[in-house]
Amino acid sequence: MMRRAIARKRDGDALDARVWRDIVASFLAGSIDDAQVAALLMAVTIRGLDDDETTALTSAFIDSGETLRAPDERTVDKHSSGGVADTASLVVVPLVAACGIPVAKLSGRALGHTGGTLDKLEALPGLRTDLDPEAFFAIVDRVGCAIAAQSARLVPADKRIYALRDRTSTVSAPGLIAASIVSKKIAGGARAIVYDVKCGNGAFVHDVPGARALARSLVDLTRAFGRRARAIVSDMNEPLGRAIGTGLELCEARDLLRGEHDDPRLLAIVMRLASAMLAAAAPSTFDASSARVSLEAALHGGHAYETFFAMLRAQGGSDRDLEMLAPHPTALAAVADRAGYVTGIETVGLGERARDLVATSGARAGIVVRARVGDRIAHGDVLAVVHGHDAATMVTEIARCFTIGDDAPQARSLVYDEIGDLSEGTFAATGTARASARSTLERK
Ligand code: URA
Ligand code: CA
């Protein structure tokens with residue numbers, strides 16, 4: 001079976017849903033080895049997957065493990081494709097919950113230079129993210145929201161195949177990325193899912209057309225499984241917020257929810273994502289303008305902050321520790337060695353250096369960005385503040401992540417696109433694989 005499937009994919013044919021299902025099940029059962037699956041993944045990376053194949057693979061992934069179902073029909077989840085200083089999840093989760101919509105968010109760890117929401121939460125002593133499904137949904141029910149680790153019992157096939165993709169340079173195939181992301185979100189049980197597809201030099205996808213295509217396929221695939229979906233395509237050519245580093249990002253989220261900090265880029269993305277989450281979760285209650293009104297009230301009235309506190313407390317964190325969380329006291333400024341305009345920021349470089357600072361000095365270390373692309377600066381102005389024992393050895397490299405030129409750069413959008421207007425209908429799916437994907441889920 002496997003040799004034929006590899007040969008057919010190599011020659012550009014599509015495999016049918018039953019074949020995908022057998023391959024995934026046999027691989028997990030140990031009856032097909034890594035070499036054959038690796039060859040198939042390479043053929044897929046070169047030839048691509050059509051929509052029906054992507055749906056079939058996603059369905060096979062979902063069926064490889066347990067699936068959850070959120071008790072409340074309006075429950076929403078959110079996924080970011082990964083970036084630097086992307087603190088949005090920590091803010092939108094309690095913000096949306098404070099508007100009355102349950103948020104059950106499953107999160108992952110840091111991948112490469114990008115931050116992981118779980119690592120940021122765990123900067124708070126005692127905070128637990130390894131919640132079993134009962135505890136997870138119980139907290140969502142009581143507090144309005146929870147953020148838990150993706151359990152190993154959900155989509156075990158993705159974990160095995162992702163490891164093989166990583167070893168064989170086949171991570172970047174769009175169909176494989178979509179199946180990997182969407183299977184985990186569907187298995188997590190939310191009824192509506194909002195994706196933030198990052199695009200730029202700090203993201204895994206660098207160009208707008210590529211990010212738009214991924215966003216489209218995430219939305220279509222999610223709808224094929226009977227869930228409501230939206231996606232935004234947003235800029236990652238510079239850090240999103242100002243803080244980079246696990247504990248520093250938790251501080252930034254806390255301060256933003258408390259109204260003590262309002263970085264306009266982070267706040268704009270937060271409002272965009274939160275609006276999309278409300279509209280996807282409860283389309284008959286929220287349109288763009290009523291979502292905005294509710295979100296502003298929850299943010300400025302303090303209810304979002306109270307919800308954030310309640311969630312952290314329910315997951316084992318303490319009020320006092322959250323209050324006390326502060327940047328590492330050893331701090332040095334990375335300064336501009338000339339006057340001009342900031343024309344570019346090496347986003348991956350900042351992400352990697354913040355990760356190194358946290359690794360050596362702990363959760364309170366990292367980088368706070370002061371200068372933005374387009375800012376006009378003088379010689380000696382602060383570009384970023386570096387926190388951690390080894391700040392002195394890092395400031396020069398960090399200053400070099402900022403390019404300074406004579407002319408102002410062209411302004412860039414923060415949000416390039418939004419995909420998945422709900423008037424398109426809940427099911428955009430057609431085809432036999434999609435029909436079988438739906439019937440699989442309906443059996444559960
Ligand atoms: N994130 C995932 O979970 N899977 C991918 O394949 C890529 C990013
Ligand atoms: Ca404000």
Side-chain angles (χ1 to χ4, degrees), residues 20 23-24 27 37-38 40-46 48-49 53-62 64-65 67-68 77-84 86 88-89 104-120 129 147-190 193-200 202-207 210-222 225 227 229 231-234 236 347-348 351:
W20 284 113
I23 292 169
V24 171
F27 181 52
V37 176
L40 182 67
L41 291 171
M42 186 53 82
V44 164
T45 302
I46 294 165
L49 292 176
E53 290 184 287
T54 307
T55 308
L57 183 62
T58 308
S59 185
F61 276 4
I62 295 166
S64 71
T67 53
L68 311 180
D77 191 356
K78 175 254 174 195
H79 175 87
S80 163
S81 67
V84 174
D86 183 2
S89 284
K105 168 140 178 63
L106 290 178
S107 284
R109 301 268 164 207
L111 203 57
H113 66 279
T114 69
T117 298
L118 296 181
D119 306 300
K120 298 173 197 175
T129 57
I147 302 177
Q150 172 78 42
S151 137
R153 302 199 309 257
L154 304 185
V155 201
D158 176 64
K159 201 178 170 77
R160 290 280 311 279
I161 290 181
Y162 192 89
L164 203 49
R165 287 165 61 201
D166 201 29
R167 285 164 55 207
T168 56
S169 288
T170 55
V171 168
S172 63
L176 298 178
I177 294 174
S180 168
I181 292 172
V182 172
S183 61
K184 288 177 284 188
K185 291 287 137 189
I186 301 292
I193 297 141
V194 170
Y195 299 96
D196 183 5
V197 178
K198 297 295 187 190
C199 171
F204 293 109
V205 185
H206 293 178
D207 61 306
R212 189 178 274 132
L214 177 58
R216 181 82 255 168
S217 90
L218 294 173
V219 166
D220 287 347
L221 194 53
T222 303
F225 289 87
R227 312 295 166 92
I232 69 167
V233 176
S234 67
M236 190 41 72
T347 315
V348 171

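Numbering of ligands and ligand atoms starts at 1, following listing order. We use all heavy atoms of the structure for the numbers below, so side chains are in, but hydrogens, waters and symmetry mates are not.
Regarding atom 3 (O) of ligand 1, its nearest protein heavy-atom neighbour is K184 NZ, 2.5 Å. At the top of the distance list for atom 7 (C) of ligand 1, counting protein heavy atoms only, stands I177 CG2, 3.9 Å. Of the protein's non-hydrogen atoms, the one nearest atom 1 (N) of ligand 1 is I181 CG1, 3.9 Å.
Considering both main-chain and side-chain atoms, Y162 never comes within under 3.5 Å of ligand 1 through any nitrogen or oxygen pair. Remark: ligand 1 and R165 share an N or O pair separated by less than 3.5 Å (distance only, no angle test). Between D158 and ligand 1, no N or O atom pair is found at a separation short of 3.5 Å.
In terms of modelled atom types and a separation under 3.5 Å, the side chain of T114 and the main chain of G82 share no donor-acceptor contact.
To the nearest 0.5 Å, atom CD1 of residue I232 and atom NZ of residue K198 are 6.0 Å apart. R160 CZ to F61 CZ: the interatomic distance, rounded to the nearest 0.5 Å, is 11.5 Å. Put simply, OG on S107 and CG on D77 are 7.5 Å apart, with the number rounded to the nearest 0.5 Å. The distance from the NZ atom of K105 to the OG1 atom of T117 is 5.0 Å, given to the nearest 0.5 Å.
When only modelled atom types and interatomic distance are considered, D158 and S183 share no side-chain donor-acceptor pair under 3.5 Å.
Within the listing of ligand 1, atoms 2 (C), 3 (O), 4 (N), 5 (C), 6 (O) sit less than 4.0 angstrom from a heavy atom of S180.
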